[in-house]
Asker: 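There's a structure below that I have some questions on.
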Amino acid sequence: MNTENTSEREKEREKQLKFDRTYMRMAQVWAELSHCNRRKVGALIVKDRKIISDGYNGTPTGFPNECEDQDNHTNWYVLHAEANAILKIAASTQSCDGATLYVTMSPCRECSKLIHQSGIKRVVYLHGYSDTSGLDFLKTAGVQVEQLPEE
């Protein structure tokens, strides 16, 4: 019986990994919409295996699409992909409570606060950012954090 339960868990884990990889590929495609030159980041919020929001890094509505200044520094007002996805939810009737965030780059400190406060319970990321304080914060807050292994 234990072998049966282990086998069932492994099947469920493989199924979840298949969905994780698929959603991450979609987040990577979404990242391509970014006008930022230094780094393009995409995010999807998924709840009950339904995509409820998406986002990519870029400037706020009504601002020019240039993310970097003449010295190639990111403008301070550029929104991160996670923030854009969470803000879309805030403007809708949906809720992030219990959702999973798929993001192509691990969240920064500021986005990690938004992620936790929005009720997202799981974050799956592809590439790690050099500053891990955002990930550390999420783990301390009880958010499940996973780096998706490269295919």
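Because the structure is a prediction, the values reported are computed rather than measured. Basis for what follows: all heavy atoms, side chains included, without hydrogens, waters or symmetry-related copies. We're numbering straight along the sequence, starting at 1.
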Asker: With side chains defined as the heavy atoms from C-beta onward, is the minimum distance between Lys88 and Asp54 less than 4.5 Å?
Answerer: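 Yes - at least one pair of side-chain heavy atoms lies under 4.5 Å apart.
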
Asker: If you count every heavy atom of other residues, nucleotides or ligands that lies below 6.0 Å from Arg109 atom CZ, does the total exceed 12?
Answerer: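 No, because the 6.0 Å sphere around CZ of Arg109 holds 12 heavy atoms or fewer from other groups.
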
Asker: Where do Met105 and Tyr125 come nearest, in terms of heavy atoms and distance?
Answerer: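 Taking every non-hydrogen atom into account, C-CB, 4.3 Å.
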
Asker: Looking at NE2 of His80 and OG of Ser112, how far apart are the two atoms once the value is rounded to the nearest 0.5 Å?
Answerer: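 Going from NE2 on His80 over to OG on Ser112, the span is 11.0 Å.
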
Asker: Is the shortest side-chain heavy-atom distance between Thr74 and Asn57 below 4.5 Å?
Answerer: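 Result no, sub-4.5 Å side-chain heavy-atom pair not found.
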
Asker: Look at atom CZ of Arg13 and say whether more than 12 heavy atoms of other residues, nucleotides or ligands are closer to it than 6.0 Å.
Answerer: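 No, because the 6.0 Å sphere around CZ of Arg13 holds 12 heavy atoms or fewer from other groups.
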
Asker: List the atom of Ile52, the atom of Ser95, and the distance in Å for their closest heavy-atom pair.
Answerer: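 Closest heavy-atom pair between Ile52 and Ser95: CD1-O, 3.5 Å.
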
Asker: Mind checking whether Phe19 and Val29 sit in one hydrophobic cluster, side chains of I, L, V, M, F, W, Y counted as touching below 4.5 Å?
Answerer: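 In one cluster: no.
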
Asker: How close do Val41 and Arg39 get, counting heavy atoms only, and between which atoms?
Answerer: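 Looks like CG2-CG, 3.7 Å.
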
Asker: From Glu68 CD over to Asn37 CG, what is the distance, rounded to the nearest 0.5 angstrom?
Answerer: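 So the CD of Glu68 and the CG of Asn37 are separated by 4.5 Å.
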
Asker: Any heavy-atom pair between the side chains of Glu14 and Lys11 that's under 4.5 Å?
Answerer: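 In short, these two side chains do not touch, never coming nearer than 4.5 Å.
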
Asker: Can you measure from NZ (Lys121) to NE2 (His116) and round to the nearest 0.5 angstrom?
Answerer: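 One finds 7.0 Å between NZ of Lys121 and NE2 of His116.
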
Asker: Say whether, by atom type as modelled, one donor and one acceptor occur between the side chain of Glu82 and the main chain of Val103 under 3.5 angstrom.
Answerer: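 Answer holds: no.
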
Asker: Does either side chain, that of Asn84 or that of Tyr56, offer a donor lying less than 3.5 Å from an acceptor on the other one?
Answerer: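 Asn84 vs Tyr56: no donor-acceptor pair found between side chains.
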
Asker: Same hydrophobic cluster for Leu138 and Ile89, using side-chain heavy-atom links shorter than 4.5 Å among ILVMFWY?
Answerer: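 Yes, Leu138 connects to Ile89 through the hydrophobic network.
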
Asker: Could you state the interatomic distance from CD (Glu110) to CG (Leu79), rounded to the nearest 0.5 Å?
Answerer: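 The CG atom of Leu79 is 12.0 Å from CD of Glu110, to the nearest 0.5 Å.
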
Asker: Locate the shortest heavy-atom distance separating Ser118 from Cys96; write the atom from each residue and the value.
Answerer: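 The answer is O-CB, 3.3 Å.
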
Asker: Taking only Lys NZ, Arg NE, NH1 and NH2, and the carboxylate oxygens of Asp or Glu, determine whether Arg122 and Glu146 approach each other closer than 4.0 Å.
Answerer: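 So Arg122 pairs with Glu146 through a salt bridge.
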
Asker: Looking at Val123, Val145, Ile120, which hits side chain to side chain contact (heavy atoms under 4.5 Å, CB included) with Pro107?
Answerer: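 Only one of Val123, Val145, Ile120 forms a side chain to side chain contact (heavy atoms under 4.5 Å, CB included) with Pro107, namely Val123.
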
Asker: Is there a path from Leu33 to Met26 through hydrophobic residues (I, L, V, M, F, W, Y) whose side chains come within less than 4.5 Å of each other?
Answerer: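 Result: no, two separate clusters.
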
Asker: Look up atom OG in Ser34 and atom CG in Asn65, then write down how far apart they are to the nearest 0.5 Å.
Answerer: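 So the OG of Ser34 and the CG of Asn65 are separated by 9.0 Å.
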
Asker: Quick check: does any side chain N or O of Lys47 sit under 3.5 Å from a backbone N or O of Gly98, one acting as donor and the other as acceptor?
Answerer: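 Here the side-chain-to-backbone pair does not exist.
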
Asker: What class does the angle between the rings of Tyr23 and Tyr102 fall in, given that below 30° is parallel, 30 to 60° is tilted and above 60° is perpendicular?
Answerer: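 Tilted.
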
Asker: Backbone N or O of Asn75 within a donor-acceptor pair of the Asp69 side chain at under 3.5 Å?
Answerer: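 No, Asp69 side chain to Asn75 backbone: no donor-acceptor pair under 3.5 Å.
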
Asker: Is there a side-chain contact between Arg21 and Arg25 in this structure, where contact means two heavy atoms from C-beta onward sitting under 4.5 Å apart?
Answerer: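 Sidechains of Arg25 and Arg21: in contact.
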
Asker: Which heavy-atom pair separates Gly55 from Ala85 by the least distance, and what is that distance?
Answerer: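 That would be N-CB, 4.0 Å.
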
Asker: Is Leu114 reachable from Leu135 through a run of hydrophobic residues whose side-chain heavy atoms are each under 4.5 Å from the next?
Answerer: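 Yes: a chain of side-chain contacts under 4.5 Å links Leu135 to Leu114.
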
Asker: What about Tyr129 and Val78, same hydrophobic cluster or not, with Ile/Leu/Val/Met/Phe/Trp/Tyr joined at side-chain heavy-atom distances under 4.5 Å?
Answerer: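 They do not share one cluster, since no chain of ILVMFWY contacts under 4.5 Å joins Tyr129 to Val78.
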
Asker: Restricting to non-hydrogen atoms, name the atom on Lys40 and the atom on Thr104 that form the minimum distance, rounded to 0.1 Å.
Answerer: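 For Lys40 versus Thr104, the nearest heavy atoms are O-OG1, 4.1 Å.
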
Asker: Roughly how far apart are Ile86 CD1 and Leu101 CG, rounded to 0.5 Å?
Answerer: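 Rounded to the nearest 0.5 Å, the CD1-CG separation comes to 6.5 Å.
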
Asker: Looking at Asp131 and Ser133, would you say the former's side chain and the latter's main chain have a donor-acceptor pair under 3.5 Å?
Answerer: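 Here the side-chain-to-backbone pair exists.
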
